Amino acid sequence: MSAQPLPSNDNDVSIATISPKKEAPTSSKKLPPPEKPTDVRRRSHVILSFWLIVLLLGLPIWWKTTTIYRADLPLEDMLEWADGKACRPVFPLRISIQATSLQDQEAQNLLRLTQHALDDLNDFAGHHLRLQMGDEKQDSADNSSALTIRLTPGEGTTATLDPYEPILDITYPQNTIPSPTASSSALATYIASQLRTTFAEEQATISYLLSTNSMPSEHRPLGLSPETAEALAKRTTRSLKYAPTYHLTFSLFTSGPLPSSWDIETAIEEYMKPVLDVLSPIHNFTIDTQVQLYASPGVQNQVLNKEDLSSFINAAEWPLSPSIGGAPTINFIVFVGNQTIASPSQEAAPTSHSWLIPQWGTVFLLSLPGDTTHVAAATLKQPLLTFTSHLLSLTGTPESGSLPLRLSTLARIRSADLLLRASSTLGSLARLAMALPSISIPSSVADGVTKTMSHLRLACDNLGGTEGLAHARIAGAEAERAFFEKSMVGQLYFPDEHKIAVYLPLLGPVAVPLVMGLINEIKAWRKRRRERAEKGAEKKGE
């Protein structure tokens with residue numbers, strides 16, 4: 001309903017519309033009472049005390065408890081060993097010459113001409129033969145010499161290598177003795193060629209090892225022929241990695257209840273122990289034996305084809321003894337059955353009864369009468385001789401030469417291999433330390449590196465002898481121990497992102513109040529300072 005206007009009348013009093021009275025707007029908000037100076041100082045002292053505790057107590061404790069210890073490593077020296085700059089492998093082999101039928105002057109002249117012929121034939125300075133006159137009263141080989149040459153007058157020129165001692169017997173006609181003024185000699189050339197042939201495999205193997213490692217070009221030998229390099233590569237792939245101790249497991253596998261026993265201990269002592277004894281300066285061996293019942297449908301045929309051999313190399317199905325003490329295991333298995341291995345040629349008769357499995361062991365198929373209950377030691381002669389031959393192959397023993405020469409060559413090859421492996425491990429450790437600045441390096445790693453480099457130097461200075469092999473073995477073990485340090489390996493998989501994920505939830509709630517309080521206190525201090533400056537300016541103006 002709308003309001004009606006009042007009638008105007010002269011006697012009426014004008015009524016003015018009275019609206020509610022509005023308050024005058026204030027120019028500023030009501031400010032809190034000013035803080036007392038003591039309260040301001042107290043608040044500043046509280047904030048300052050918190051920050052002092054954080055900076056002077058909390059931060060040093062955090063730094064001390066979370067700092068990763070990194071021992072000092074001689075990184076440059078380690079890389080020099082890895083690059084082959086710290087050591088130039090040299091194998092000076094001493095060859096003794098016994099010539100009782102020659103005069104001293106004739107013998108010295110022949111030695112000089114033979115040495116010149118050797119130097120002319122040698123194309124690898126890292127492996128050189130040094131001739132010396134041997135003791136005339138000495139009947140056997142000199143232990144300090146790699147080989148002894150016995151010169152004997154005869155009707156023709158022949159060379160025979162002793163199968164049991166490192167002795168090379170050479171016969172020569174009397175008219176082949178060089179004169180004192182001769183500059184060359186057919187006899188000297190013949191002796192030099194025989195020496196080169198005798199040590200050809202060793203030189204090729206060492207050349208192959210150096211060529212497959214990071215050696216400076218001036219230290220590398222001349223290139224090997226493709227056939228030689230391929231043969232050495234196959235032998236390296238077939239042999240086991242060097243270990244100071246190998247565990248030998250001899251297993252008799254039968255497909256039925258018979259035979260139930262075998263005289264393996266006597267057979268090992270009679271047919272294999274001599275070779276284990278001569279290998280003892282290079283490797284130690286532990287032995288265990290077992291008799292197992294094993295039958296597979298794939299091995300019931302009289303003749304085993306290539307496809308049937310897969311039943312013998314699946315180690316997961318063979319109930320063999322595990323490695324003892326962490327040493328690599330070499331398995332020698334005698335499988336009782338009348339099978340033979342088919343020849344690749346269809347026309348050839350299947351006459352093979354054993355084969356070698358690279359880096360694993362040997363399987364020998366032994367045919368026995370069905371009623372045999374016990375396998376005698378004499379029956380095991382051929383299997384044990386085969387195992388002995390394959391053991392030499394699995395340990396990387398050279399294939400040519402007499403057994404003493406092959407074993408001495410093996411010692412020198414293992415020395416070079418261990419030296420190169422330890423040097424490579426040092427280089428890997430150095431590159432790892434430089435690539436991961438946050439990785440922990442305990443003092444034990446630094447001690448291991450120091451010991452490794454010390455023994456590497458001794459091994460490099462004594463290459464070619466048993467002392468060099470001993471130092472190279474220690475250097476390899478110390479280098480492996482330093483590289484696979486448990487406390488250091490665990491840091492490889494802990495990146496910085498993980499640290500942020502751990503610290504942020506803990507430090508965030510604590511840091512925000514401290515930082516905001518400090519910022520507010522700084523703003524308040526600047527405001528008080530500005531107000532005091534304004535008041536001072538007003539007083540000066542009055």
Side-chain angles (χ1 to χ4, degrees), residues 60-89 209-210 212-216 219 240-246 282-284 323 325-328 414-463 467-503:
I61 293 176
W62 170 79
W63 184 265
K64 184 67 177 178
T65 55
T66 60
T67 298
I68 297 176
Y69 177 77
R70 287 175 61 90
D72 293 332
L73 297 179
L75 299 178
E76 294 183 1
D77 295 340
M78 295 166 65
L79 291 177
E80 287 184 357
W81 277 103
D83 296 337
K85 300 178 181 179
C87 172
R88 180 180 180 180
L209 290 176
L210 296 180
T212 54
N213 287 270
S214 56
M215 295 293 296
H219 295 176
L240 290 162
K241 181 181 177 181
Y242 175 82
T245 302
Y246 290 112
I282 307 174
H283 303 287
N284 296 321
S323 176
R414 289 303 191 186
S415 299
D417 187 26
L418 289 172
L419 186 144
L420 295 174
R421 287 180 183 272
S423 301
S424 177
T425 303
L426 283 183
S428 300
L429 180 59
R431 288 186 287 270
L432 178 65
M434 292 187 295
L436 299 176
S438 61
I439 191 173
S440 172
I441 303 179
S443 57
S444 59
V445 173
D447 295 339
V449 170
T450 302
K451 293 179 181 178
T452 300
M453 296 176 63
S454 174
H455 286 284
L456 280 177
R457 174 52 56 193
L458 294 174
C460 183
D461 295 338
N462 297 276
L463 280 178
E467 185 179 356
L469 176 61
H471 289 296
R473 181 185 301 173
I474 298 174
E478 291 292 339
E480 294 288 333
R481 188 179 298 109
F483 186 81
F484 293 104
E485 172 66 30
K486 295 181 180 179
S487 59
M488 185 176 65
V489 174
Q491 295 292 331
L492 293 177
Y493 309 101
F494 194 77
D496 294 335
E497 290 79 2
H498 290 186
K499 299 179 182 178
I500 297 175
V502 171
Y503 285 127

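Not measured: the values here are computed from a predicted model.
Annotation: side chain to side chain contact (heavy atoms under 4.5 Å, CB included) contacts of Ala470 (sequence neighbours excluded): none. Scored by the salt bridge (charged side-chain N to carboxylate O under 4.0 Å, His left out) test, Arg421 finds Asp417 as partners (sequence neighbours excluded). Arg481 is linked by a salt bridge (charged side-chain N to carboxylate O under 4.0 Å, His left out) to Glu478, counting only residues two or more places apart in sequence or in another chain. Partners of Asp461 according to the salt bridge (charged side-chain N to carboxylate O under 4.0 Å, His left out) rule, which considers only residues two or more places apart in sequence or in another chain, are Arg457. Ala416 meets the side chain to side chain contact (heavy atoms under 4.5 Å, CB included) test with Phe91, Leu209; sequence neighbours excluded.
A donor-acceptor contact shorter than 3.5 Å links the side chain of Arg473 to the backbone of Ile282. Thr452 places a side-chain N or O within 3.5 Å of a backbone atom of Ala479 that can act as its donor or acceptor partner. Checked by atom type and distance alone, the side chain of Ser424 never pairs as donor or acceptor with a backbone atom of Leu420 at under 3.5 Å. Put simply, the side chain of Ser423 gets close to the backbone of Leu419: a donor and an acceptor are under 3.5 Å apart. For the pair Arg431 (side chain) and Leu79 (backbone), a donor-acceptor distance under 3.5 Å is absent.
Side chains of Lys451 and Ile474 form no contact here, defined as non-hydrogen atoms less than 4.5 Å apart. Between Ser440 and Arg70, every side-chain heavy-atom pair lies at or beyond the 4.5 Å cut-off.
Here the closest heavy-atom approach between residue Ala71 and residue Pro442 is recorded as CB-O, 3.8 Å. The nearest pair of heavy atoms linking Ala459 to Gly468 is CB-O, 3.6 Å. Pairing each heavy atom of Leu240 with each of Arg414, the nearest pair is O-NH2, 3.5 Å. Across all non-hydrogen atoms, the minimal contact from Ser415 to Ala472 is O-CB, 3.8 Å.
Taking CD from Glu485 and CD1 from Ile439, the interatomic distance works out to 10.5 Å, rounded to the nearest 0.5 Å. Taken to the nearest 0.5 Å, the CG atom of Leu469 stands 10.0 Å off from the CG atom of Leu463. Interatomic distance, CG of Asp83 versus CE of Met78, reported as 12.0 Å (0.5 Å rounding). Residue Ser444 holds its OG atom at 11.5 Å from NZ of Lys486, rounded to the nearest 0.5 Å. Rounding to the nearest 0.5 angstrom, the gap separating the NE2 atom in His283 from the OH atom in Tyr246 is 4.5 Å. Separating the CG atom in Leu73 from the OG1 atom in Thr450 is a distance of 8.5 Å, to the nearest 0.5 Å.
The disulfide bond (SG atoms under 2.5 Å apart) analysis of residues 432-462, with sequence neighbours excluded, yields the pairs Cys87-Cys460.
Of the candidates Leu429, Leu426, Val449, Leu429 is the only one forming a side-chain contact (heavy atoms from CB on, under 4.5 Å) with Phe483.
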Legend entry - Verdict with reasoning, Asp72 to Ile441, per side chain to side chain contact (heavy atoms under 4.5 Å, CB included): CA-CA 8 Å; Asp72 293 332; Ile441 303 179; over 6 Å; no
